[in-house]
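Structure first, then comments.
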Amino acid sequence: MAKRRKLKGNRNQGVQVANSSAFKSFDNAARVLFERINCGRLYSGLSKHERRLMFRFRAVIRNPEASPSYEISSKELKKIGSAIHFRIRHEIHCGGESSATVYELDIIRSLYSMMKCSDVTLSRREEFKRNFFDNNTDKGELLGFIAISAINSVMSFCDIHTHVYGIDVWVAKLIKENLEFELCFSLSKHLACRKHICINGMYRPVYAVGFPQYGLQVKWLKLESHFLKGAYGGCKEELAVYMQSHAKKRLTERLDLLEPSSIYYTIWLNTTDMDQFIIYKDYLLFPYELHNCKVGYLVADIIDDLVVFKTFLFITHSSTPEGDKLKQISGLGWKDISYWKIDRLSTFMKIDTEKYPGLTAMFEEAGLGDLFKLKNKEFDLDTLQDANLDALRDYIAQGKRERSEEFAS
């Protein structure tokens with residue numbers, strides 16, 4: 001039998017190779033960034049030692065771990081970790097000319113951390129102050145941006161029918177006057193909350209609408225009853241919000257340009273503000289938007305002191321204000337709407353408004369003009385999230401406040 005060949009080298013050599021590769025990647029990204037902001041010559045003037053110091057002061061972001069008592073497979077953790085790292089390198093968090101990814105913001109922060117380092121001479125630090133712009137990104141702000149990227153990533157792996165993740169983030173290591181630090185994430189996994197309730201004489205499953213929150217928690221959606229415009233006659237001040245499988249199925253079919261991972265995010269985005277209900281023809285309708293343009297309605301019913309979303313109507317369907325007006329103008333019935341597939345988002349994205357001005361004018365008269373504003377929009381998860389970062393920041397801040405109040409009490 002042949003002897004097993006000994007592996008050459010050791011673990012330390014492997015770590016050194018990995019660090020060398022990581023430094024090259026960091027250095028190349030820094031060069032590209034500083035060239036873009038017209039500071040390429042200044043970055044080229046840094047010594048290799050100074051660039052190595054920058055690399056040392058970068059935020060090291062570890063892959064997520066399963067919180068104790070929660071069973072999450074290594075495959076799940078790896079996928080979510082890859083998504084977090086991808087978003088950190090691609091997700092834009094600033095507006096206007098200062099737009100940058102989290103990774104680029106960290107590179108700039110690393111430069112200023114290096115400038116404050118005791119390994120750099122006083123004269124060299126003074127030179128840096130004269131030649132480099134002021135730093136506007138502190139560690140706290142950077143942590144906030146990383147948190148947004150993390151919760152974005154976790155959101156895309158949740159499913160209303162099976163599970164919702166909770167997340168927590170902490171600084172794992174602080175070194176040398178807080179200039180070096182490592183970040184770690186913990187994940188919790190909460191099974192979907194399902195009930196069987198009687199709908200139209202048959203018991204059907206409905207699922208609680210819940211979203212990831214910091215502190216390893218899930219925020220199960222509740223609605224203040226006064227937002228129901230008088231459709232609720234009970235005594236509860238808050239009602240839990242549930243969704244029938246049929247509603248998600250119709251949502252997926254009719255908003256057919258959305259990626260599967262985007263559906264959950266759009267549900268979160270639309271239900272963060274629950275005061276938009278309207279009552280129309282005895283239907284309780286909740287407007288649904290993409291890129292701030294109305295595309296349809298979730299149809300709700302009050303059953304057993306629960307708000308239950310039963311289905312999703314595209315904005316052209318009858319029993320919606322716009323759909324009924326379209327029928328009145330055009331004479332199109334519900335079978336025509338389905339046959340011509342004008343109950344699909346993709347159909348409106350294909351309409352040539354210049355070639356068919358009469359058809360376009362008819363849709364606009366019916367109140368469907370918003371759909372044409374979406375023609376140049378993207379519907380992937382990253383684009384939808386980039387367009388609504390303010391809402392996500394507010395959501396995270398609210399979760400942190402609620403968590404603080406819980407500990408205080």
Side-chain angles (χ1 to χ4, degrees), residues 66-73 75-77 79-80 151 153-168 186-225 227-228 231-232 234-255 258-272 274 277 283-286 288 296-313 381 395 399 402:
S67 180
S69 76
Y70 292 98
E71 292 187 7
I72 306 176
S73 71
K75 186 177 180 180
E76 288 176 88
L77 293 169
K79 281 185 177 180
I80 295 173
I151 205 165
S153 303
V154 169
M155 195 93 70
S156 67
F157 288 92
C158 295
D159 190 317
I160 199 169
H161 294 127
T162 56
H163 63 270
V164 184
Y165 293 103
I167 187 171
D168 209 357
S186 282
L187 294 179
S188 58
K189 189 175 182 179
H190 305 260
L191 294 180
C193 183
R194 184 175 67 174
K195 289 177 177 286
H196 283 81
I197 62 174
C198 187
I199 301 176
N200 299 328
M202 295 185 65
Y203 278 87
R204 303 179 187 276
V206 293
Y207 300 85
V209 180
F211 304 108
Q213 197 168 35
Y214 279 95
L216 301 173
Q217 302 299 305
V218 169
K219 183 172 184 177
W220 300 106
L221 194 60
K222 292 185 178 180
L223 172 68
E224 294 180 32
S225 57
F227 288 140
L228 293 170
Y232 173 65
C235 58
K236 287 194 173 183
E237 294 183 358
E238 283 188 332
L239 305 181
V241 179
Y242 280 70
M243 180 175 283
Q244 201 176 342
S245 296
H246 181 77
K248 185 184 174 186
K249 181 181 178 182
R250 289 291 181 253
L251 188 67
T252 304
E253 288 175 352
R254 291 161 180 171
L255 302 184
L258 290 178
E259 296 178 348
S261 61
S262 302
I263 294 292
Y264 200 90
Y265 178 79
T266 65
I267 294 172
W268 168 80
L269 183 63
N270 278 277
T271 55
T272 52
M274 293 286 284
F277 280 97
Y283 288 99
L284 188 58
L285 304 180
F286 185 75
Y288 207 89
Y297 297 88
L298 286 166
V299 182
D301 204 352
I302 313 301
I303 306 172
D304 299 338
D305 286 333
L306 304 175
V307 177
V308 180
F309 289 125
K310 298 197 301 181
T311 191
F312 172 79
L313 297 177
L381 182 62
Y395 176 74
E402 290 175 358

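FYI, the numbering just counts along the sequence from 1. In what follows, every heavy atom counts, from backbone to side chain, and hydrogens, waters and symmetry copies are set aside.
The CG atom of L221 sits 9.0 Å away from the OG1 atom of T272 when rounded to the nearest 0.5 Å. In this structure, L284 CG and L228 CG are separated by 6.0 Å, a value rounded to the nearest 0.5 Å. Atom OH of Y232 is separated from atom CD of E237 by 10.0 Å, given to the nearest 0.5 angstrom. We find the CG-CZ distance between L77 and F157 to be 10.5 Å, quoted to the nearest 0.5 Å. How far CE of M155 is from OH of Y265: 6.5 Å, rounded to the nearest 0.5 Å. How far OG1 of T311 is from CE of M243: 10.0 Å, rounded to the nearest 0.5 Å.
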Quick one: do T271 and M274 satisfy side chain to side chain contact (heavy atoms under 4.5 Å, CB included)? Show the steps, please.
-> CA-CA 6 Å; T271 55; M274 293 286 284; 3.7 Å; yes

Criterion side chain to side chain contact (heavy atoms under 4.5 Å, CB included) on K248 and D159, from CA distance to verdict | CA-CA 11 Å; K248 185 184 174 186; D159 190 317; 3.3 Å; yes

Carefully, step by step, assess L258 and T266 under the rule side chain to side chain contact (heavy atoms under 4.5 Å, CB included).
-> CA-CA 9 Å; L258 290 178; T266 65; 4.1 Å; yes

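Side-chain contact between V164 and Y264: present, with at least one pair of heavy atoms (C-beta onward) separated by less than 4.5 Å. Counting only heavy atoms from C-beta outward, the side chains of L285 and L298 never approach each other to under 4.5 Å. Side-chain atoms of Y207 and S245, non-hydrogen and from C-beta on, do get closer than 4.5 Å to each other. Contact check for V307 versus I302: side-chain heavy atoms found under the 4.5 Å cut-off. Here the side chains of I80 and L187 are in contact, with some heavy-atom distance below 4.5 Å. Within the 4.5 Å cutoff, the side chain of R254 has heavy atoms near those of the L313 side chain. At least one side-chain heavy atom of I267 sits less than 4.5 Å from a side-chain heavy atom of V209. Residues Y242 and I197 are not in side-chain contact: their nearest non-hydrogen atoms beyond the backbone lie 4.5 Å or more apart.
Counting all heavy atoms, side chain and backbone alike, A192 lies closest to I160 at CB-O, 3.4 Å. Across all their heavy atoms, F312 and A247 have their closest contact at CB-O, 3.9 Å. S225 and K236 get closest at one heavy-atom pair: OG-O, 3.0 Å. The shortest heavy-atom contact between Q217 and S188 is N-OG, 4.5 Å. Scanning all heavy atoms of the two residues, the minimum distance from I72 to A66 falls at CB-CB, 4.0 Å. Residues H190 and V218 share a closest heavy-atom pair of CD2-CG2, 3.2 Å.
The aromatic rings of W268 and F211 stand perpendicular to each other, their planes meeting at an angle above 60°, with 30° marking the opposite boundary. The aromatic rings of H163 and Y165 sit perpendicular, their planes meeting at an angle over 60°, well past the 30° parallel limit.
Of the residues listed (Y288, Y283, F286), the one engaging F277 in a ring-ring contact (aromatic ring centres under 6.0 Å, His included) is F286, and it is the only one.
Identified under the salt bridge (charged side-chain N to carboxylate O under 4.0 Å, His left out) test for residues 189-206, with sequence neighbours left out: E76-K189.
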